[in-house]
Every structure is written in structure tokens, then in C-alpha cells.
There are 2 protein chains.
Amino acid sequence: MEDSERPKKQKELIEHIGRQNEREGFQPVPARIMGLLMVMDKEEYTFEEIVEEMQISKSSVSTALKNLEIRGIIEYITYPGDRKRYFRFVSGEIDGIVNDMEAKMMKSLETIKQIIELKKDPNSRNAMFLKTISAGMEFFIQKLDELKIEYKKNK
Amino acid sequence: MEDSERPKKQKELIEHIGRQNEREGFQPVPARIMGLLMVMDKEEYTFEEIVEEMQISKSSVSTALKNLEIRGIIEYITYPGDRKRYFRFVSGEIDGIVNDMEAKMMKSLETIKQIIELKKDPNSRNAMFLKTISAGMEFFIQKLDELKIEYKKNK
DNA sequence: TTTTTAGTTCGCAACTTTCCGAACTAATTT
DNA sequence: AAATTAGTTCGGAAAGTTGCGAACTAAAAA
């Protein structure tokens, strides 16, 4: 890869990541800032640099950075004698990703159990089918826990 | 549970499921219709019954049902001598849920690999950290495949 | 053939989201 | 003390989304 085409491709990838993150519920601006901090060779950006690089207003950047920080997706560091904050992506662990998946599944499972509980006929089509799904989810959740332990050991 | 309070609780659960589905990217009306078809004791609804039960306009119900059907979330059946379509929830399998999870993970993995490929310095902080995540994802995706087979066998 | 049933399609009003500029604050420099 | 830096907060304009009613269609019934 030639150095000249790298930045252009990186910008395209940021846009792609932006749209992907939007599908996960992020707003357009935070979604793209996440991309910026992951993709570019420069891995620490100041507030002002983000404003210039992304051509987004200071107010939008301010709001976006606060949100991303609260969510634990980005963090900032400061250097002695420099008032600026340097923002960077938080190096999450695979555990976190799997935990999120598991948490979502557990929430669905909770809801499914509530549906079953409220069914007048526990042998109705939906009740039967939801019971099967419920059992499957429990199986996978348990196995995911085991896998997390297995992965941690081997690493 | 007394029969008198069941419908009320079911309605509340539909609203809860509606909001949960909205977080998954569904629009309010389809999100709640999904809930209706899963929760209520009556498990097959005609177009008109949905309009009355949910107090939503015919046009909105029409659009919502079409979308849900295209996505494979609901289906309809007809009975001989009856022009109405009876809508019901599609009894998906746990496999489908796990596949969706896996597909999402694989998409993320693809993106992460692209980021790594575009990094000038393959030993940068983000490059290193993304490589770790990447390896972890590959591990979990493979194990999920194995688990799907294991589950199918035991069932 | 006309009417009714069972929906679909379209344009628009209402609502929500997103983003911006202007005005502000609080710390640091001049 | 005044000006600059590094942001934050707020109100509103612009854009996007949602859901409705009205007008439509196609099949069946009268």
C-alpha cells in the first residue's frame, strides 16, 4: 500500500464504520468520531483536531465526546504542561464484547419467560415454541460463560 | 394468575417488547405488532383485528405487516373459503438467533481486519489491540459453530 | 352490475432528531 | 487586568421519521 492512498482509504473506512455504528444505535457524529480514533495512524486527537479533521462544529464535537466518554468507548489523557485533552479509543477486551452479547441474550430470555408465564394455555403454539427458544438460550449463555474462562486460560 | 388481569399484563408486556424492539432498530408500529403476535393468547390475528386491537390506522398496519413479513418475522396463513389473511409469529429456531449474533460478529471482524490492514505502523497501540480483539473473535466464532452442532445433536 | 370486503399507495402534517451558531465559562497567557 | 485558549451550554433551524387520512385497487358477494 502506497502512503499516498492510505489516508483516502482510511477516510472511506471511517465512513463505513460510521454507518455500521449508526446501525448499533449511535448518532452520526459519535459514530464517525469512533471510527476516526480507531482507524487513523494518528491515534490521539485533541478536541480542536477532531473539529478540523471531521469538519464538525465545536458544539457537536463537545457533545459527542462527552457521550462517548460516559459510555466508556473513548477516554482522554493529558500531558504535563498541556491543557489540551488527547482523546483515544479505549482498548476494550473481547470479554466485553461477549458480555454485551450475553447481556442482550439474557434480556431477551427474561422477556420470553414473561411471555410464557402470561400464557393461558401453556401448550399453545407460541408457548411451545418460546419454551424451545428459552432452553436454547440458556444452553448458549452457559456455554459462553465456559468459553470465556477457556479463552482467558489459553491466552 | 386470574384471567381478568391477564390481558392487562399482556398489554403491558407488549409495550415493553415494543420498546425493546425499537432499540433493535424496528419502528414503533412493527415493534409493537411483533409483541402482539407473540404475547396474546389469541395467536393469529387478521389485518382488521390488529387495526382494532392496537388502534393504529389501516395504512400503518399495512406497511408494518409487509415489512415484518419481508424480514421473515411474521407470516400469514389463509383458511379455505375465507379471504382474510391470518398473521402469526414465525417460529424461529435458536440456530437463527445464534446465526444472527455470529453474522454481526463476523461483520465487525471484517471491519477490524480492514483497519489493521490500513495501519502504517502494525505495532501501534490500536493495531496491537485490534489484533487481540480479532483473535478473540475468531475463537468465539469457531466455538459458536461447534456449539450449534453440539446443541442440535442433544436435542 | 353494483356494492362490499380487504387491503395498498401516496402526500402531507406532526413529531423527533441532529447539528449548528452564539453566547457563555473557567483556566492560562500576555 | 485584558486577551487568548479550550472548551460547554442553550435555543432554534434544518433534516429525517412516523403515522395518518383520502383515494385507490382487486376480488368476492349481493
Side-chain angles (χ1 to χ4, degrees), chain A residues 11 14-37 42 44-71 73-88, chain B residues 11 14-37 42 44-71 73-88:
Chain A
K11 287 297 176 70
I14 289 171
E15 177 56 23
H16 173 77
I17 291 171
R19 288 194 301 265
Q20 200 164 293
N21 286 334
E22 279 190 70
R23 258 174 268 129
E24 299 292 321
F26 289 94
Q27 294 153 320
V29 170
R32 276 152 190 83
I33 291 178
M34 280 168 70
L36 180 78
L37 297 181
K42 178 177 177 59
E44 284 176 5
Y45 279 82
T46 66
F47 182 95
E48 199 57 42
E49 282 168 348
I50 294 171
V51 167
E52 274 154 36
E53 188 73 49
M54 306 298 281
Q55 303 277 43
I56 299 164
S57 74
K58 287 209 297 173
S59 64
S60 299
V61 170
S62 176
T63 311
L65 290 177
K66 198 197 294 170
N67 276 312
L68 289 171
E69 213 219 318
I70 286 168
R71 294 219 214 183
I73 291 163
I74 64 168
E75 61 189 2
Y76 64 83
I77 46 168
T78 53
Y79 295 101
D82 186 348
R83 190 146 66 101
K84 285 175 206 136
R85 297 183 300 181
Y86 290 79
F87 291 92
R88 65 183 189 192
Chain B
K11 288 293 176 70
I14 289 172
E15 177 58 23
H16 172 77
I17 292 171
R19 289 193 301 264
Q20 199 164 295
N21 286 334
E22 279 190 70
R23 259 175 267 130
E24 300 291 321
F26 289 93
Q27 293 153 318
V29 169
R32 277 153 189 82
I33 290 179
M34 280 168 71
L36 179 78
L37 297 181
K42 178 176 176 59
E44 285 176 5
Y45 278 81
T46 66
F47 182 94
E48 198 57 41
E49 282 168 347
I50 295 170
V51 167
E52 274 155 36
E53 187 72 50
M54 307 297 281
Q55 302 278 43
I56 299 166
S57 73
K58 286 207 298 173
S59 65
S60 301
V61 170
S62 175
T63 311
L65 289 176
K66 199 197 294 169
N67 278 310
L68 289 171
E69 213 218 318
I70 286 167
R71 295 219 213 183
I73 292 163
I74 64 168
E75 61 188 1
Y76 64 83
I77 47 167
T78 53
Y79 294 103
D82 186 348
R83 192 146 66 100
K84 286 177 205 134
R85 297 183 301 182
Y86 289 79
F87 291 92
R88 63 183 189 192

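So that the names make sense, note that chain A is the first sequence line, chain B the second, and so on, each numbered from 1.
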I'd like a list of close polar pairs between nucleotides 13-18 of chain C and the protein, N/O only, cut-off under 3.5 Å.
residue : atom : partner : partner atom : Å
C:dT18  : OP2  : A:Gln27 : NE2          : 3.1

Taking only N/O atoms, report every protein-nucleotides 5-9 of chain D pair under 3.5 Å with atom names and distance.
residue : atom : partner : partner atom : Å
D:dT5   : O2   : A:Arg83 : NH2          : 2.4
D:dG7   : OP1  : A:Arg85 : NE           : 3.2
D:dG7   : O3'  : A:Arg85 : NH2          : 3.3
D:dG7   : N7   : A:Lys58 : NZ           : 2.4
D:dG7   : O6   : A:Lys58 : NZ           : 3.4
D:dT8   : OP1  : A:Arg85 : NH2          : 3.1
D:dT8   : OP2  : A:Ser62 : OG           : 2.3
D:dT8   : O5'  : A:Ser62 : OG           : 3.4
D:dT9   : OP2  : A:Lys66 : NZ           : 2.4

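In this structure, the side chains of A:Ile73 and A:Phe26 come closer than 4.5 Å at one or more pairs of heavy atoms. At a threshold of 4.5 Å between non-hydrogen side-chain atoms, the residues A:Met54 and A:Tyr45 do not count as touching. Contact of the A:Glu44 side chain with the A:Glu49 side chain is not registered, since no non-hydrogen atoms from C-beta on lie closer than 4.5 Å. B:Leu65 is listed as a side-chain neighbour of B:Ile50, based on a closest heavy-atom distance under 4.5 Å. Taking the side chain as every heavy atom from C-beta outward, A:Arg85 and A:Thr78 approach each other to under 4.5 Å.
Between A:Glu53 and A:Lys42, none of the side-chain N atoms (NZ, or NE/NH1/NH2) sits under 4.0 Å from a carboxylate O, so this pair counts as no salt bridge. Taking 4.0 Å as the cut-off between side-chain N and carboxylate O, B:Arg19 and B:Glu15 count as a salt-bridged pair.
When the options B:His16, B:Glu24, B:Arg23 are evaluated for a side chain to side chain donor-acceptor pair (under 3.5 Å) with B:Gln20, the one that passes is B:His16.
For the pair A:Ile56 CD1 and C:dG21 C1', the computed distance is 15 Å after rounding to whole Å. Put simply, CD on A:Gln55 is 14 Å from C1' on C:dC19, counting in whole angstrom units.
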